[in-house]
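Just so we're on the same page: letters track the sequence lines, and every chain starts at 1. Keep in mind it's a predicted model, so treat the numbers as computed, not measured.
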Amino acid sequence: MSEESSNAGRSGESGVASEGRSGAEKEVSTSGLDFIRTIIAEDLASGRHTHVVTRFPPEPNGYLHIGHAKAICLNFELADEIPNSRCHLRFDDTNPSTEETEYVEGIQADVRWLGFDWGEHLHFTSDYFEALHDYAVDLIRQGKAFVDDQSADEIRANQGSLTEPGTESPFRNRSVEENLDLFARMRAGEFEEGACVLRAKIDMASPVVAMRDPILYRIQKKSHHRTGNAWCIYPMYDFAHCLSDALESITHSLCTLEFLDHRPLYDWILDQLSTPSRPRQIEFARLNVGYMVTSKRLLRRVVEEGHVSGWDDPRMPTIAAMRRRGYPARAIREFCDAVGVAKRDNLISFANLEFHVRQVLNREAQRRMGILDPLKVVIENYPEGEEEFLEAVNNPEDPAAGSREVPFSREIFIERDDFMEEPPRKFFRLAPGREVRLRYAYFITCREVVKNEQGEIIELRCTYDPETRGGDAPDGRKVKGTLHWVSARHSIPAEVRLYGTLFAEESPDPKGEGGLEASLNPDSLEIRRDGRLEPSVAEFAPGETIQLERIGYFCLDPDGSREQPVLNRTVTLRDTWARVAKKEGAAGPQGHGRSGEPSGKRKRKGRGKKADPEGEGR
RNA sequence: UGGGGCGUCGCCAAACGGUAAGGCAGCGGCCUUUGGAGCCGCCAUUUGUAGGUUCGAAUCCUACCGCCCCAACCA
């Protein structure tokens with residue numbers, strides 16, 4: 001319990017202000033603050049607290065997802081905003097049958113990657129097992145807890161229903177001595193799993209089901225990932241969580257709405273026991289994002305049933321997956337900030353997340369050229385065997401990013417859907433007889449279309465204007481379109497993975513007809529194996545994200561090599577042409593390698609989701 | 001049907017009795033060597049509904065309607 005050291009030092013121990021400081025309520029401006037920050041501002045103004053201690057308390061039974069990201073940002077940012085405050089990372093490891101070390105490591109990596117630091121305050125509920133046990137004994141001594149020999153079925157049957165009160169256990173009135181003895185023997189391993197449990201003695205007739213003599217301890221003869229076989233009784237969430245908060249001097253214990261009903265129990269337990277501090281639980285609405293699902297149970301199924309390659313498959317809504325896909329940590333943070341904190345159910349559009357991803361990538365990602373679906377172009381009047389290097393800006397949004405040289409030669413590749421034999425209105429790209437600009441290179445004019453026996457276009461014959469080197473015509477003539485390209489001879493091959501949404505509908509219903517299987521988007525992954533990239537892409541390391549001009553942002557995947565990079569499409573560029581083409585009704589090209597884009601159906605029967613059985617907020 | 005929470009623009013979200021911020025999406029336009037980015041403009045006479053209080057109501061009161069959560073020895 002040496003939890004009293006604040007990162008920033010010199011703050012009041014439990015966060016509660018010393019007497020003299022409190023006094024008259026100061027007026028604080030809370031305008032524009034979310035309700036949690038409002039509460040905190042008032043606590044600070046009234047002198048109730050001098051600083052804040054929050055915590056992010058994941059259970060190590062799976063990887064963190066976008067929903068956790070919101071809780072992480074909220075808790076850690078609060079600690080950053082308020083002087084002398086801190087945020088703990090606490091693993092809520094009270095259930096040895098589902099928890100593993102693999103997850104505690106993954107979770108730490110994810111939180112760190114998101115940009116947060118818990119300093120000295122890495123904690124485990126399992127560190128408090130002894131203290132928790134002593135608190136339980138205290139409760140028994142007070143006559144407020146008892147050992148119940150009923151079976152799980154009996155306990156359930158006697159619990160009553162939502163409209164009917166439960167009935168008291170026949171073991172409810174055992175003496176303190178007997179309970180003490182029985183609990184000691186539970187701990188000593190004398191009973192089998194399920195033989196008995198420790199229950200609080202509260203009120204079987206309470207309209208709040210959580211208050212009907214809730215179970216505090218159960219027997220589990222399982223090895224725990226940290227305590228090994230030291231224990232065979234493990235505390236339940238409701239008992240462990242509030243006390244762990246109190247032991248760590250947490251001031252504001254933020255969790256998701258499904259724990260609202262548990263608050264009376266949270267408070268009851270703390271009211272019965274003498275703890276070093278008195279935390280306050282505050283509930284907020286969990287984050288829901290379109291086409292994503294945030295239930296560790298479900299995500300685990302998606303992984304285990306092989307619908308994706310793993311927890312970090314770029315289609316997953318996990319933090320590890322978003323990292324692999326190329327979502328910048330900053331984008332996720334800005335997204336969470338923008339979404340806000342409130343108590344109403346929500347479903348944030350996937351487009352909103354993508355907006356934040358594009359926003360930071362636009363500022364930070366270097367530009368390169370690459371072709372997803374190559375169409376060969378021969379520039380007839382360009383000397384055979386010749387090559388030259390053209391200067392290209394690395395990031396127009398960031399002059400400091402400098403420039404590079406891109407090789408040019410007689411044979412190049414352009415994007416297949418940058419050419420149309422019979423261009424519709426408003427199609428500004430290449431067409432027979434039309435002149436366009438090759439980015440950073442020359443104006444070219446299409447002279448001839450070469451087809452195979454099947455009538456498929458296999459090559460374009462063009463001419464270039466040597467006067468337009470770099471992309472400007474000395475005579476001032478303009479072109480409507482600028483195309484990206486790659487020198488055939490110099491380019492390197494690439495595999496490009498295009499991702500659509502993992503789920504088919506904005507508000508997936510894996511519990512409905514067809515189950516999980518039917519709710520998945522069958523087109524969530526499209527692999528392009530014929531990609532060609534300008535050679536300098538080889539210089540990027542796995543994990544780095546670049547923009548392929550006019551196409552989108554792509555992250556180098558660890559599966560690739562320098563010789564043959566593998567690119568994960570992070571997000572497409574906004575594609576005005578796709579919208580125009582659609583509006584024009586033209587069956588024109590759909591843009592560059594679109595696949596499985598959200599179709600925009602917003603089916604939802606009611607808002608919000610069934611609570612994650614492993615809700616992320618606590 | 002017991003208890004609890006929540007209803008403000010298509011999606012988020014401010015407004016705390018003084019006359020509906022902002023973001024996303026969308027729609028126009030400008031600009032552009034990325035149909036990207038950027039810039040400009042438009043986008044709730046009305047806050048689930050119906051009453052009431054008040055000079056004045058999204059904010060207070062009443063009733064109704066709707067959505068979500070709670071009956072794991074999970075968290």
Side-chain angles (χ1 to χ4, degrees), chain A residues 30-34 38 57-59 61 92 94-95 97-98 148 151-152 155-156 159-166 193-194 196-199 206-210 212 215 217-220 234 236-238 240-241 255 257-264 283 285 290 296-297 338-349 351-356 358-359 362-363 367 369 393 396-397 426-429 437-441 470-472 479-484 547-552 573-580 591 602 605-618:
Chain A
T30 57
S31 185
L33 295 181
D34 61 63
T38 297
E59 182 188 15
N61 68 345
D92 214 345
T94 58
N95 186 354
S97 50
T98 58
D148 193 349
S151 69
I155 289 177
R156 201 173 309 121
Q159 192 155 214
S161 72
L162 293 179
T163 51
E164 300 153 333
E193 285 188 14
C196 51
V197 293
L198 182 72
R199 289 231 256 170
S206 172
V208 178
V209 180
R212 320 239 260 228
I215 293 170
Y217 267 90
R218 80 291 210 184
I219 298 169
Q220 273 200 43
Y234 292 92
M236 299 288 288
Y237 165 83
D238 286 307
H241 204 91
C255 63
L257 244 22
E258 63 267 29
F259 292 93
L260 217 175
D261 293 322
H262 294 243
R263 194 163 78 208
E283 312 82 9
K296 278 193 274 183
R297 204 197 98 256
V339 146
V341 181
K343 295 181 83 164
R344 47 182 107 82
D345 289 336
N346 59 77
L347 206 205
I348 312 299
S349 65
N352 197 318
L353 210 207
E354 290 194 317
F355 166 81
H356 289 279
R358 289 192 185 102
Q359 184 172 258
N362 177 53
R363 299 190 297 248
R367 273 60 168 172
M369 290 193 286
V393 168
E397 304 296 318
K426 295 188 180 174
F427 181 83
F428 302 150
R429 285 114 92 147
R437 171 169 41 235
L438 293 179
R439 176 140 236 232
Y440 296 125
D472 278 311
V479 288
K480 293 282 273 184
T482 299
L483 273 42
H484 59 282
Q547 181 194 103
L548 291 184
E549 294 212 34
R550 303 212 305 132
I551 305 178
L573 252 26
R574 276 186 76 231
D575 190 347
T576 308
W577 164 240
R579 279 205 299 275
V580 171
R602 244 188 125 81
K605 344 156 279 313
R607 327 281 298 286
K609 302 246 186 357
K610 168 78 176 161
D612 180 350
E614 299 143 290
E616 75 269 9
R618 317 114 311 158

Can you check the A:Arg367 CZ to B:A37 C1' distance for me, whole Å? 7 Å

Tell me whether A:Arg550 contacts the main-chain N or O of A:Thr482 through its side chain, where contact means a donor paired with an acceptor under 3.5 Å. yes

Atom NE2 of A:His356 to atom P of B:C11: distance rounded to whole Å? 17 Å

Whether A:Arg218 contacts B:C74 is assessed here as follows: a side-chain N or O lying under 4.0 Å from the phosphate OP1 or OP2. Is that the case? yes

Establish, with yes or no, whether the OP1 or OP2 oxygen of B:C74 is under 4.0 angstrom from a side-chain nitrogen or oxygen of A:Ser97. no

Expressed as a whole number of angstroms, how long is the span from A:Glu258:CD to B:A72:P? 16 Å

Which of these nucleotides, B:G23, B:A15, B:G35, is closest to any side-chain atom of A:Ser31? B:A15

Any side-chain N or O of A:Arg579 less than 4.0 Å from the OP1 or OP2 oxygen of B:G26? yes

Need the glycosidic conformation of B:A15: syn if within 90° of 0, anti if not. Which one? anti

Sort out the partner of B:U47 for me: Watson-Crick or G-U wobble, both distances under 3.5 Å, none otherwise. none

With a non-hydrogen cut-off below 4.0 angstrom, is A:Thr482 in contact with a base, only sugar-phosphate, or nothing? sugar-phosphate

Tell me the interatomic distance from A:Ile348, atom CD1, to B:C12, atom P, rounded to whole angstroms. 6 Å

Considering only the C1' atoms, how many Å lie between B:A13 and B:A20, rounded to the nearest integer? 12 Å

Provide the Watson-Crick or G-U wobble partner of B:A13, both distances under 3.5 Å; none if there is no partner. none

Rounding to an integer number of angstrom, what distance separates B:U49 and B:C42 when you compare their C1' atoms? 30 Å

Using Watson-Crick or G-U wobble geometry with both distances below 3.5 Å, tell me the partner of B:C42, or none. B:G26

Across all strands, who's sitting opposite B:G2 as a Watson-Crick or G-U wobble pair, both distances under 3.5 Å? B:C70

For A:Thr94 against A:Ala240, the heavy-atom pair lying closest together: CG2-CB, 3.9 Å

Has the side chain of A:Arg367 got a donor or acceptor atom that lies under 3.5 Å from a matching backbone atom of A:Glu549? no

A:Thr163 or A:Asn95: which one's nearest nucleotide on RNA chain B is closer to the 5' end? A:Thr163

Between B:U32 (P) and A:Asn362 (CG): distance, integer Å: 18 Å

Distance-only, no hydrogens or angles: does the A:Ser161 side chain make a donor-acceptor pair with backbone N or O of A:Glu164 under 3.5 Å? yes

Could you tell me how far apart A:Asp238 (CG) and B:A71 (P) are, to the nearest whole angstrom? 11 Å

Donor-acceptor pair, side chain of A:Arg218 and main chain of A:Gly194, under 3.5 angstrom: no

B:A21 pairs with which nucleotide, Watson-Crick or G-U wobble, both distances below 3.5 Å? none

Identity of whatever pairs with B:G7 - Watson-Crick or G-U, under 3.5 angstrom: B:C65

First encountered from the 5' end of RNA chain B, between A:Phe355 and A:Tyr440: A:Phe355

Taking OP1 and OP2 of B:C74, is either one under 4.0 Å from a side-chain nitrogen or oxygen of A:Gln220? yes

Provide a list of protein-nucleic acid N or O atom pairs under 3.5 angstrom, restricted to nucleotides 29-31 of chain B.
none

Please list, pair by pair, any protein nitrogen or oxygen found under 3.5 Å from a nitrogen or oxygen in nucleotides 3-7 of chain B.
unit_1	atom_1	unit_2	atom_2	d
B:G3	N2	A:Asp261	OD1	3.3
B:G3	N2	A:Asp261	OD2	3.2

Between P of B:G36 and CH2 of A:Trp577, the distance in whole Å: 13 Å

Whole-Å distance, A:Arg439 CZ to B:A37 P, equals 13 Å

Once you apply a heavy-atom cut-off of 4.0 Å, does A:Val339 come out as touching a base, just sugar-phosphate, or nothing? sugar-phosphate

